[in-house]
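Sending over a structure as structure tokens; questions will come in a sec.
Proteins come first, then strands; the chains are lettered A, B, ... in the order of their sequence lines, and each starts at number 1.
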Number of protein chains: 2
Amino acid sequence: MSDVAKEAQVSRATASYALRGDTRIADDTRRRVLLAARKLRYSANLSARSLRSGKSGIIGVAIFELDKPYPAQMSAAISRQINAHGMQAIIQQTSNSKQDEVSILRHVTSQLCDGTIFSPGSITNEEMQELADGKPLVLLDDPSAEPVFDSVMTAGFEGAAMAVRHLLDCGCRRIGVVGADMADSTDPVQRHSVRGRRVAGCLKTLKAAGIEARREDFLSLDRWDGEMARDLGHHLADTTDLPFDGIFCMTDSLALGLIRGLHECGVEVPRDLAVVGFDGIQEGESYIPSLTTISTDKEDLARKAVDALLARLQGDDDNRPPTRTTAGCRLVVRESTARIR
Amino acid sequence: MSDVAKEAQVSRATASYALRGDTRIADDTRRRVLLAARKLRYSANLSARSLRSGKSGIIGVAIFELDKPYPAQMSAAISRQINAHGMQAIIQQTSNSKQDEVSILRHVTSQLCDGTIFSPGSITNEEMQELADGKPLVLLDDPSAEPVFDSVMTAGFEGAAMAVRHLLDCGCRRIGVVGADMADSTDPVQRHSVRGRRVAGCLKTLKAAGIEARREDFLSLDRWDGEMARDLGHHLADTTDLPFDGIFCMTDSLALGLIRGLHECGVEVPRDLAVVGFDGIQEGESYIPSLTTISTDKEDLARKAVDALLARLQGDDDNRPPTRTTAGCRLVVRESTARIR
DNA sequence: TTGAAAGCGCTAACAA
DNA sequence: TTGTTAGCGCTTTCAA
């Protein structure tokens, strides 16, 4: 920077101000400095700036497996949104391991990022608060009953309710749910989780339709993983009498795995039963059959998350209570529920 | 750090050495320092460390669209590999825009990362060299004729040759190629690109089989995008006589889009023609029909890329010529080529 | 084996 | 409107 200042015949401080567009600097001076900077191909040292000012212009995005479609598409959308605000986005993978979550918060988020959009796995609010070290965090699908951080939620309750409503509208009467326990909607720990809210939505619609939900209609899985759903499909198809004519899966990946598993055993969707997913991943559109789903509006989610973070960053009032917004979602009807009643 | 030093009753310098495991510090002293650090929940300030030492322990991964399966799965693998070496990985999206590529190199890579694994889009070697500012770069599928940086390649030539060989083995005689021009293998600019190498592989196998390649069997697309392939599928299916009995697609995403497009017009894979993709994305496994593909070994690619970067980082000899390695790949035969001859 | 002290490149308070 | 100057928290040279 000294070189730039010398070239522009000003002091280092003036150069610093001019480069960052401080209004106190005269237009003419600023122009001279910018010219000099361009000429010398100068760009400010991030470490030094960050050390001194505590700001880096970098926003972190921390999310579980990036090789799964939903988190990948979500973080891509958030990253674009951050760039649109002139900041740099860096994405990190928590791999659903607490150790990685802690390490990211401790070594990158709190150190380097002005703020982070975080998809919490097994870490607690207390741990986050300590590790974030005062840097603002916006959580995606925060499962806490008492929010401590700003968060953006997916519309689990409304979405699942719509999904089951749609299955009923398609004429389904024996509805199964894949990826959760019926008890998840009442369990104090699971209740506010993605899973709990989606189950609650299912139950609401079933109840409204006068259908009694039964525990055995909820098929839990150890992980939300397409391979597990595929195995479940085999298992379901092999039971002598198919117990369901419609299935709601907690995620699109589960739905696609399930459809594949059923297919491998001769049960076809939508011919033999209807399937609805949740998330709206791109893959569902070109799958055969294409997947009916509750599609979360990822642009909307990204916008709300980034806006919440920027509000905190510019925030005059650091102590205002955490906000909680919900991303839009809509039912996208495709082939997987195209049943002749 | 002063606090830690005081707590451990040593000087700040000693604390610094002890924390980083310098051998000069007596075991006993080190233990005292580590204990103090833990007690005070101290962790070193990244900006300060990086400003002073020029090292951050962070490796960058810059890749085009993260919402596409192949780059997402690749960067996830690289990120895990970096973590396995005890370093932090940050992923950035170039969105295939030169502006983003420049911005990432200028503001993050050269400033913050000890090195970067970079998937070049439209940026030139000269620009990278200037922007990287001495920080090592490892390129993924570097298209340059004269490499300037270390790089890891996918086995485009061998893979494509295998793919077409497999189509021939399945009894296909009228083979189409989707996503490239025949001229790409000879065009001086495209020749070393992913596209050019894959086309060259096709041509080699065809020639060896005594089949003359025709320009019109190569169906170019503006972008490697599933939607474009889907449209192409419509178009192909609508021609009175299906011109191909086997198609090799430049990528799995193209293959899935194409199969879907054909399906929408009543042409079924593999019944009416066989399709092979390239990349080995997870989605191909559970698609209906499951996709035969040339699967790039992503773990191998990640390992080679990270090893090359670490070698440069520890490198005694900064001037040794750039290395170029190739990731393994294998033919994975699935339903999309299961034809009765 | 440890400590004192300089300084990485920048920003921001203060002075002019 | 611009310049002077004191650090931000750490690492590393040099001296003890």
Side-chain angles (χ1 to χ4, degrees), chain A residues 1-37 40-58 88 106-114 133-135 313, chain B residues 1-37 40-58 88 106-114 133-135 313:
Chain A
M1 203 166 87
S2 297
D3 295 346
V4 172
K6 203 176 294 169
E7 174 78 25
Q9 300 182 15
V10 293
S11 72
R12 280 163 51 222
T14 303
S16 173
Y17 288 130
L19 287 167
R20 283 170 299 125
D22 192 299
T23 48
R24 290 180 290 185
I25 303 295
D27 274 5
D28 189 54
T29 314
R30 176 174 34 254
R31 220 164 312 145
R32 239 174 37 240
V33 172
L34 289 176
L35 211 68
L40 301 176
R41 299 175 180 286
Y42 167 85
S43 71
N45 179 303
L46 184 67
S47 300
R49 161 175 295 177
S50 160
L51 175 59
R52 181 59 231 245
S53 72
K55 300 215 175 315
S56 64
I58 295 177
Q88 296 286 334
R106 171 169 299 149
H107 297 119
V108 184
T109 291
S110 64
Q111 299 270 348
L112 171 70
C113 299
D114 292 345
D133 200 23
K135 297 291 180 74
L313 286 175
Chain B
M1 202 165 89
S2 297
D3 295 345
V4 172
K6 202 177 294 170
E7 174 78 26
Q9 300 181 17
V10 294
S11 74
R12 280 161 51 219
T14 304
S16 173
Y17 287 131
L19 286 168
R20 281 170 303 123
D22 193 300
T23 49
R24 290 180 291 187
I25 303 295
D27 275 5
D28 190 53
T29 314
R30 175 173 34 254
R31 217 163 314 144
R32 237 175 37 239
V33 173
L34 289 176
L35 211 68
L40 300 177
R41 298 174 181 287
Y42 167 85
S43 70
N45 178 302
L46 184 67
S47 300
R49 160 175 295 179
S50 160
L51 175 59
R52 182 61 233 246
S53 72
K55 298 214 175 317
S56 65
I58 295 178
Q88 296 286 333
R106 170 169 299 150
H107 297 120
V108 184
T109 292
S110 64
Q111 300 271 350
L112 171 70
C113 299
D114 292 346
D133 201 23
K135 297 291 180 71
L313 286 175

Query raised in the report: Of the candidate nucleotides dC10(C), dG9(D), dC14(C), which contains the atom at the shortest distance from the side chain of Ala48(B)?
Result: dG9(D)
Report task. Please work out if Ala13(A) contacts a base, only the sugar-phosphate, or nothing of the nucleic acid, heavy-atom cut-off 4.0 Å. Result -> base
Requested in this report: Kindly indicate whether the side chain of Tyr17(B) and the base of dT13(D) share any N or O donor-acceptor pair separated by less than 3.5 Å?
Outcome: yes
Query raised in the report: Between dT12(D), dT2(D), dA12(C), which nucleotide gets closest to the side-chain atoms of Arg52(A)?
Result: dA12(C)
**Report entry** Euclidean distance, atom CG of residue Asp3(A) to atom P of dC10(C) [Å, nearest integer]
**Finding:** 10 Å
Query raised in the report: What is the nucleic acid contact for Ile25(B), judged by heavy atoms within less than 4.0 Å: base, sugar-phosphate only, or nothing?
Result: sugar-phosphate
Query raised in the report: dA5(C), dG3(D), dG9(C): which one has an atom nearest the side-chain heavy atoms of Leu51(A)?
Result: dG9(C)
**Report entry** Atom-to-atom span, CE of Met1(B) to C1' of dC8(D) - whole angstrom
**Finding:** 14 Å
Query - Side-chain touch Arg30(A)/Asp27(A), heavy atoms, less than 4.5 angstrom - result: yes
Requested in this report: Return the value, rounded to whole Å, for the distance between atom NZ of Lys6(B) and atom P of dG9(D).
Outcome: 14 Å
Query - Phosphate-side-chain proximity, Arg49(A) and dT11(C), N/O vs OP1/OP2 below 4.0 Å - result: yes
Query raised in the report: Looking at side-chain heavy atoms only, is the closest gap between Ile58(A) and Asp114(A) below 4.5 Å?
Result: no
Query - Side chain to side chain, Gln88(B) and Ser56(B), heavy atoms closer than 4.5 Å - result: no
Query - Touch class at under 4.0 angstrom, heavy-atom based, for Arg12(B) against every strand present - result: base
Query - Atom pair distance, as rounded to whole Å: CZ in Arg24(B) and C1' in dT13(D) - result: 9 Å
**Report entry** Polar side-chain atom of Gln111(A) near backbone of Leu46(B) as donor-acceptor pair, under 3.5 Å
**Finding:** yes
Query raised in the report: Using a distance-only test with no angle check, is there a side-chain donor-acceptor pair under 3.5 angstrom linking Arg20(B) and Ser16(B)?
Result: yes
Query - Between dC8(C) (C1') and Asn45(B) (CG): distance, integer Å - result: 13 Å
Requested in this report: Please report, rounded to the nearest Å, how far the P atom of dA12(C) is from the CG atom of Asp22(A).
Outcome: 9 Å
Requested in this report: Calculate the interatomic distance between Leu46(B) atom CG and dG9(C) atom P; express it in whole Å.
Outcome: 17 Å
Report task. Select one nucleotide: of dT11(D), dC10(C), dG3(C), the one nearest the side-chain heavy atoms of Thr14(B). Result -> dG3(C)
Report summary line: note: Arg31(A), atom CZ; dT1(D), atom C1'; distance rounded to Å ~ 15 Å
Query raised in the report: Does dC10(D) have OP1 or OP2 sitting under 4.0 Å from an N or O in the side chain of Ser16(B)?
Result: no
**Report entry** side-chain N/O Thr29(A) vs dT2(D) OP1/OP2, d < 4.0 Å
**Finding:** yes
Query raised in the report: Is there a side-chain polar atom (N or O) of Ser53(B) under 4.0 Å from OP1 or OP2 of dT11(D)?
Result: no
